[in-house]
Amino acid sequence: MRIVVCIKQVPETQDVHLDPVTHTLQRAGVKAIINPFDLYALEEGLRVKEAQGGEVTLLSMGPPQAAEALREALGYGADKAALLSDQAFAGADTWATALTLAKAIEHLGGADLVFTGKQAIDGDTAQVGPMLATILNIPYVAWARKVTFSGDKTIEVERLLDHGYDAVAVDLPAVVSVVKEINEPRPPSFKAKLKAKKENIPVLTLADLQLAENQVGLKGSFTQVVKVFPPPARGVPQNWTGTPPELAARLWARLQELGLQGC
Amino acid sequence: MSLIFYPDKCTACGLCLDACPFGVLSLEHEKLIIGQGCTLCGTCVEVCPLAALELPKEEAPSTRPQIPPDGIWVFAEQHRGKLIPVTQQLIGEARRLADALQVKVAAVLLGHQVAALATTLLAAGADKVYLAEHPALAHFCEEPFSLALTELAQRFRPEIILAGATYVGRAFIPQVAAHLKTGLTADCTAFDLDPEKRLLLQTRPAFGGNIMATIITPFTFPQMATARPGVFKIRPPVHNPTGEIIPVALTSLNDPPHSRFLAIVEEIKERLPLAEAEVIVAGGRGLKEAKNFRLLEELADLLGGAVGASRAAVDAGWIPYAHQIGQTGQTVSPKLYFAIGISGAAQHLVGMQSSDFIVAINKDPAAPIFQIANLSLVGDALEILPALIQEIKKTKLSNRL
Ligand SMILES: Cc1cc2nc3c(=O)[nH]c(=O)nc-3n(C[C@H](O)[C@H](O)[C@H](O)COP(=O)(O)OP(=O)(O)OC[C@H]3O[C@@H](n4cnc5c(N)ncnc54)[C@H](O)[C@@H]3O)c2cc1C
Ligand SMILES: Nc1ncnc2c1ncn2[C@@H]1O[C@H](COP(=O)(O)O)[C@@H](O)[C@H]1O
């Protein structure tokens, strides 16, 4: 079983803020982390490998320092990793990212099962997985909380939807995005971490892929960001203290004033 | 492709260094170094007072193809034969945009034996309804839904497609965009138009709501977006709507599928889904025990809302994961959000800070949640909640008398 797990290095979002006055990003001390959802994708990849045999390959597109995220992820026990990094990939939207990842998967010999996180916490788009599946021309299942094999070419997936959980059957190869509920990631292993330290993580550039320069990065993107700005400020906060009945009565009166009394 | 830099214009003022969200700019001996990892986001270009930085231009500026003929489409999401409110909300918004662009609004209804919903869609403001019924569309599954919508879009060619940013919409709409080779913006909270260029300006939160971004799809059609439920208003229904219902046959579902719906495993039927709720009553570790979540349910029921939770409460097993709000749970933006016994960790805030009005109840006056709350109640939730429930019941009862 060739398993690919897509991992993105992201800034810790809570540290990212726009200055409301200057509109500049305050990024003092913003740490780069592995997108939290991708750790669940990785754990699921490792579990499938343990049950079905095969190999887990980590794949990430990003600046050279994203190799650190891959190295850290290797510490959980994946077999190998590849980094897609090239100036030409800069400014990619979800389509261009998915296209680049898809060509890289083909370059690496294909995959039977690709796991992605539910979404990346920087852009919160949840679009790369489904677009990747479409480009690879294989099925996609979103929001998996359980993956089981029924035969060696079909999986059954339990997935979260707005009204509950459904089960679907999917023929492999496929792309599956996972939610946090799916598993409890294991801690990194000492042995794997040692090995990861010495691991040579190959860097794939545009030249390695069957793609033209105008198909990747900003040029290959269908969307463009035209403006970034801080979210609207909240009104002056009010602090109330008092006995519970006082607070309750005041709160209810206020909610009614605001027309928030519900049905 | 990289950022264009004009050294002769640069005074090494350092504004761009501070502005760069990715920290890839640096100054060495007063010379600007553009490091690896630049995403060409353009933030530095905007702050540079001397125009010393420029984004690389498209070499051959792609010309936009002709405007497609079929106006604005709204994906009509239904669950078991009932429309999801975001559908009517988006038809209302599509109506506003369509009137400005002088085009029609079509609702696209996919399902099995759902024809009865078509009139509701017309009443919500659609000029026409494409009705595609097929047994493979009886339950949601990415493959048939994406194939069906793609087929229809290729046949009728809309200018814009909008869908709800629900779990369903966000699962298959990206596949439709990829099939159609066009841009898609996720989870928008506002739309506007550049009337001259007929561009849809799509605004959405990023970085967990810490930043807003406006995005366009400048060269391809349709322009596609998913939009957050609860943001747009439903219009008063049109009486005796005159729009057209157009049944359409699908050919893309004839091939044997690679994925199939099997069964409903579990239904969250007690109350409405978080994404649809105008009021969310969320509780955290401060509620102390599972049984105190009953209080939240009671309050939510009185206000017609849904129950949410912090990760700490989910991890404690007091409530299922589907209710978790935050970075590793759901992102919500209801009209009213109660954070009860929730400290306000950054990972929680990113999931709810774009709510319209936030009420926080916490016994710790220094709880970080108070920094983003509109209304901060300092006190014991286990005492305030029962009192609040009493108070509301009193009014609701006297209203009924
Ligand atoms: C990668 C990652 C992802 C995460 N994702 C999420 C996420 O999606 N969602 C999320 O919520 N968290 C998430 N977290 C966890 C987050 O950091 C916090 O640990 C969590 O939100 C805390 O939950 P809490 O506020 O309920 O608990 P606590 O932080 O323990 O706060 C409890 C609060 O209740 C108050 N309190 C206690 N008793 C009472 C009382 N009787 N009356 C009133 N107030 C009382 C206390 O003063 C305190 O402020 C994530 C963490 C990580 C590392
Ligand atoms: N640059 C990237 N490199 C590798 N994987 C990515 C990248 N961007 C997104 N992904 C994967 O796609 C998922 C969804 O990301 P997004 O669509 O950006 O929200 C993530 O959880 C990752 O698994």
Side-chain angles (χ1 to χ4, degrees), chain A residues 13-14 16-18 24-25 27 36 63-64 87-88 90-91 121-123 125-127 130-131 134 139-140 142-143 158 161-171 180-181 217-219 222-229 231 234-235 237-241 244-245 247-249 252 260 262-263, chain B residues 1-2 18-19 21 36-40 79 141-143 166-167 170-171 174-175 178 182-183 186 206-208 210-218 220 258-268 273 275 279 303-304 321 327-328 336 346 350 375-379 383-384 387-388 391-392:
Chain A
T13 52
Q14 59 265 28
V16 181
H17 286 280
L18 275 190
T24 56
L25 268 147
R27 51 168 180 81
Q87 271 301 332
I121 61 164
D122 51 355
T125 75
Q127 290 180 178
M131 289 179 170
T134 306
Y140 169 70
W143 334 124
E158 254 179 54
L161 289 177
D162 301 273
H163 293 81
Y165 296 88
D166 282 358
V168 289
V170 187
D171 299 335
K180 176 195 154 213
E181 209 182 354
L218 188 66
K219 276 196 212 164
F222 294 133
T223 60
Q224 274 177 16
V225 178
V226 288
K227 195 171 134 199
V228 270
F229 55 102
R234 296 195 167 274
Q238 296 195 15
N239 276 299
W240 292 356
T241 46
L247 286 173
W252 179 230
L260 294 169
C263 42
Chain B
M1 205 169 31
S2 50
D18 294 334
Q36 294 262 1
C38 166
T39 69
L40 299 175
H79 178 72
C141 191
E142 287 83 349
E143 184 175 332
T166 57
Y167 277 121
R170 294 184 76 177
Q175 292 179 279
T182 189
F207 292 99
N210 287 335
I211 291 169
M212 305 298 291
T214 302
I215 292 166
I216 56 170
T217 296
T220 53
H258 300 95
S259 56
R260 305 159 288 284
F261 168 86
L262 290 177
I264 298 160
V265 177
E266 193 181 319
E267 278 211 80
I268 308 172
V279 176
L303 298 172
Y321 166 69
Q327 189 175 88
T328 43
L336 173 60
V350 296
L375 210 56
S376 303
L377 273 60
V378 184
E383 291 176 21
I384 297 171
L388 180 60
E391 199 64 40
I392 299 176

Legend entry - Carboxylate-amine/guanidinium contact B:R170 A:D162, below 4.0 Å: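 Result for this pair is no, no salt bridge flagged.
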
When rounded to the nearest 0.5 angstrom, what is the spacing between [atom1] in [X] and [atom2] in [Y]?
X	Y	atom1	atom2	result
B:E267	A:L161	CD	CG	10.5 Å
B:Y167	A:H163	OH	NE2	13.0 Å
B:T328	A:E181	OG1	CD	11.5 Å
B:I216	A:F222	CD1	CZ	14.0 Å

Inset, instruction - Can you tell which part of A:W252 gets under 4.5 Å to a heavy atom of chain B, answering side chain, backbone, both or neither? - result: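 Backbone plus side chain of A:W252, per the 4.5 Å heavy-atom cut-off to chain B.
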
Inset, instruction - Identify which part of A:Q127 has an atom lying under 4.5 Å from any heavy atom of chain B, answering side chain, backbone, both or neither. - result: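 Contact with chain B: backbone and side chain both.
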
Residue part contacting chain A, namely of [X], when any heavy atom lies under 4.5 Å:
X	value
B:T182	backbone
B:H79	side chain
B:E143	side chain

Inset, instruction - Kindly determine whether B:R260 and A:D171 satisfy side-chain contact (heavy atoms from CB on, under 4.5 Å), including the steps that lead there. - result: CA-CA 9 Å; B:R260 305 159 288 284; A:D171 299 335; 3.3 Å; yes

Option that, when pairs with chain A are counted at under 4.5 Å, heavy atom only, ranks first among [options]:
options	result
B:T214, B:L377, B:T217	B:T214
B:A213, B:G379, B:A275	B:A213
B:A178, B:A206, B:S376, B:C141	B:S376

Inset, instruction - Compare all side-chain heavy atoms of A:I121 with those of B:V350 and state whether any distance is below 4.5 angstrom. - result: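 No; the side chains remain at least 4.5 Å from each other.
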
Legend entry - Partner chain B: residue of A:A142, A:P36, A:P139, A:A169 with the largest heavy-atom pair count (under 4.5 Å):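 Most heavy-atom pairs under 4.5 Å with chain B: A:A169.
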
Legend entry - Pairs of heavy atoms under 4.5 Å with chain B: top-ranked of A:P245, A:P63, A:P64, A:P130: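 That would be A:P130.
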
